[in-house]
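Following: one structure in structure tokens, then a few remarks.
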Amino acid sequence: MTAALLRLLRSRLWKPSAEEEVSAELAFHLEMRTREYVAMGMSPAEAREQALRRFGDMARVERTCRATARRRDREMRRAEWFGELRQDATFAIRQLAKSPVFTAVAVVTLALGIGANTAIFSIVNGVLLRPLPYADPGRLVRVWPAVGPEQNAFSVLNFLDWREQATRSFSGMAAATGQTLNLTGEGEPERLRGAQVTANMFDVLGTRAVVGRTFVAGDDAAGAGRVAVLSTELWRRRFGGDSRVVGRTLRLNGEPFTVVGVAATGTGYPRTAELWVPFRFDSVTTDPTNRGAQYLSAVARLRRDVTAEAAKQETDAIAQRLAEQYPASNKQMTSSIIQPLHEQMVGDVRKALVAILGAVGLVLLIACANVANLMLVRATARETEVAVRAALGAGRGRIIRQFLTESLILSLAGATAGVVLASWLLRLVARFGPEDIPRLADVALDGRALGVTALVAVATGVVFGLIPALQSAAPDLARTLREGGRGVRSRAASARMRASLVVGELALAVMLLAGAGLMIRSFRQLLRVELGFEPERVVAFQTVLPDAKYDTVPKIRALTSAYQERLRTIPGASATAIALSVPMSGMGFFITIRHIDGFPDPAPGEGEASAIRSVGPGFFRALGIPLVRGRDFTDQDHGGAAKVAIVNRAAVRKFFKGQDPIGRRIEIGWGIGDGDRVGGEVVGIVGDVREDGVAEEAAPILYFPFDQAPPGGFTTVIKTAGATAPVLAAARAALRDLDPELPIYNVRTMEERVAESVAQPRFYTVLLGGFAAVALLLAAVGIYGVMSYSVGQRTGEIGVRMALGARPGDVQRLVVRQGMTLAIVGVAIGVAAALASGRVMASMLFGVKASDPVTFAAVLAVLSGAALLACWLPARRAARVDPMTALRAS
Amino acid sequence: MPPSAKPATELLHGTLDALILKTLTWGPRHGYAVARWIEEITDDALAIEEGSLYPALYRLERRGWIEAEWGVSDTGRRAKFYRLTRRGREQLQVETSQWTAFAAAVTKVLLAT
């Protein structure tokens, strides 16, 4: 009986391979058949032969069966595997749902780390790393003539000479200058940001037209037909992307221009231009006396076998040659600067962006440390569960897979949330980011960045999540079950790891906070810099007088005089004026000085360059620029009266060598207004103004009365006493009344313009501040988690202490002290690290040292406060422990 | 009974499956038993080619219509026993109705005058 049972059991439990299975089965059949034939009277050998014959090709039968058996086994295994996976996933989700706080914190932490990093890396990639959209962009360079190490702009004649002579290094050289172009004649008049470029610009860049053509040689010759190339953005925005725009005539600045084509997106130079017109090489621009008027920027394409250094040697030589030939204008420009175009565009922001990248990397580290901590805490909490499952026979592999699934689901949830966060952040940045960070607007979510970041975060989650499973291999299950936890030694190790993670987090958080704090202080310093004028409650807008309609000076004067009259009658305007431009408008006009009383005249074509402004009476008052000596311009300084001028303090220092300029005559070259030379007797000195941006030095400026040198466009400046809107409306109405075709644009307050010039530092400050805040939060959560868990584990110990007479206050103090010890260590390390890496920050700071004590003190205070709070909450819980329950539970 | 002198009738591929499934409705059997059972029920009119039987059995097992378990035959030897699954039962119904419809159609044609 038992023998039979044993045999049955053995067969049941037999797990053969496919080969063994098939062989055994067929052998059995053969045997049975043979027996049957033997029973019918055949000899065993004959019987066997007959039986075999009934199979036919035995080998083939075996093969077929084996193949099917193998396939069957494979499919079964796969189904089993998927079944288990689904089980694991369901179980994992249920486990995660059972501790919602843990899950939420982990997911949010991961999302923050992954999202922020992906966004920043995408920005860095889009701005810095992406190659420029030109043909062979590595060969494109910016070229400047230089005075020593300082860049200058090209004058027309200098550019032409360079282009002619630098043929060994460059296969092509092109120049550009910005020009605002008024579009009138159809619909709303609009001022467009345009550029005048030499006809070979698009060829040098290697960009094509999307529709029509770009410029060809001859488009910039004197007398050539007026043509224009549109940017894709303008084409889509204003002309609906209609390809029939080619051949249309547009009225730009009153003149008819024929559209010949549309340039591909993002491929024009300068990048901010909305459309391009050819530069006109005519008698005016190529006048030899104007070699000193420098306003062109140049781009060149290096020949294939020429490096930038080799090119510089040639251009240096050219510069020196020209300096000798034309000492008047070129005397000091004996060197040149060549910079790869990509570098020039992004070089300014590279350091800052890399610093930001470093900062956000720290955030990721902190996030990972937090997740690791969370997992470790959870691990210890589930030791018992693991032990029980192992005791019940769950294979180690299965348990590991279970925990792996849990970690993966958590990490994936975090990563998904991170992607959402990243795209949202990118959209914010694209809309509100500073305009002078190149290519910021078309930054897209970078797949690689996401992949790498997610990988890091997921790996952390997985590694630390696996620890409880790996520890299930520990053989001491019985003791675990009995003691409700692992041995003292391993628990201490785990606690040490958690503590070091928290310390690390804190150190990183200190670094971020210090960085942000320094940026904030630096930014405030920036804002406090002396502007030289008062931007409060000043509003300005621009308009342009088209050449065709206002082709004579009297016509310009007629309009401007009438307009100024009207402006003065506007109620609510405490001061009004018109001028060529206002500070921080980004418009620079330079001229050569021909003569100053009391100083030797420079030779024709020589002379120092200075910035000039054409301003009407009341300009200085409207902007709050102080009049240091002498008088302001008045209505008496009109076109027919004696010519006058006003200079600023920097001009006095530079051109008058500190001597008193009042009463002396100064004359400048390049005709604007009557005749060729303009000049006047200096009648006043005004204060310096920071024209180009808050961090730039004040430059010398010569001011001339608007009426004596009326330009073809002006800015209206109004200081309002009260509400801005009605005053602005009145001013616009006044202008419209006089000529409805004049476009009014760039309507902004001076405060806005000032703000724009600090847009970049503000952007970085906001970013860093955001990261620091996140880091602080995460670090605080980290400390809280560790302390909270520690308290939970030690309820028994606390109970004993309290039973032995410790008061709640003592327990609280104990917990807080332990927590703060961690904090102090972490902060100390962080401060040391922050000070050590001060050099990285130094270049981004203004007016603040990288070791600024005020900042560090503040950081210490904030972090200590946060740490204290994070310890205090669990401490309170510890103090409320009821000794009796605690002792009973342990 | 001596081996039949009648030639084995050609079986359509699918019908062998149906026959096996039906055989197993009488309880679990090993491969040899299935072959013998069919031979006995049909009075040896159908002699299964073992060359097709076993591939069919493995095929049916792979599709989940029958399941197998190793056990001990009544001769005390280890043998692989097959059993009908629920899905196999359903499949058998399908095959049966298909076959009867087919047979009825063929009969109609052959007996038409």
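Below, read A as the first sequence line, B as the second, and so on, with proteins coming before strands; counting in each chain starts at 1.
- For B:Ser73, the part lying under 4.5 angstrom from a heavy atom of chain A is the side chain only.
- In terms of heavy-atom pairs under 4.5 angstrom with chain B, the leader among A:Leu26, A:Asp73, A:Leu9, A:Leu13 is A:Leu26.
- Most heavy-atom pairs under 4.5 Å with chain B, from the set A:Arg71, A:Arg33, A:Glu75: that is A:Arg33.
- Within a 6.0 Å radius of CD in B:Gln93, no more than 12 heavy atoms belonging to other residues, nucleotides or ligands are found.
- When the ring pair (Phe, Tyr, Trp, His ring centres under 6.0 Å) test is applied to A:Phe102, no partner is found at least two apart in sequence or on another chain.
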Verdict with reasoning, B:Glu39 to A:Arg54, per salt bridge (Lys or Arg N to Asp or Glu O under 4.0 Å): CA-CA 14 Å; B:Glu39 285 161 15; A:Arg54 282 192 73 159; 3.1 Å; yes
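- The minimum heavy-atom distance between A:Cys65 and B:Pro55, with the atom names listed, is SG-N, 3.5 Å.
- When each of A:Asp57, A:Val61, A:Leu30 is checked for heavy-atom pairs under 4.5 Å with chain B, A:Val61 comes out on top.
- With a 6.0 Å radius and a threshold of 12 heavy atoms from other residues, nucleotides or ligands, B:Trp26 has its CH2 atom above the threshold.
- Relative ring orientation between A:Phe55 and B:Tyr54 is described as parallel, the plane-to-plane angle staying below 30° on a 0-90° scale split at 30° and 60°.
- Looking at A:Glu25, A:Glu36, A:Glu31 one by one, the single match for side-chain hydrogen bond (donor to acceptor under 3.5 Å, both in side chains) with B:Tyr32 turns out to be A:Glu36.
- Pairing each heavy atom of A:Leu8 with each of B:Gly71, the nearest pair is CD1-CA, 4.3 Å.
- Neither the backbone nor the side chain of B:Arg63 comes within contact range of chain A; no heavy atom of the residue lies under 4.5 Å from a heavy atom of that chain.
- In this structure the side chain of A:Phe28 never reaches within 4.5 angstrom of the side chain of B:Lys80, judged on heavy atoms.
- Across every non-hydrogen atom of B:Ala35 and A:His29, the tightest pair is CB-CE1, 4.3 Å.
- Side-chain contact between A:Met32 and B:Thr75 is present, with heavy atoms from C-beta onward closer than 4.5 Å.
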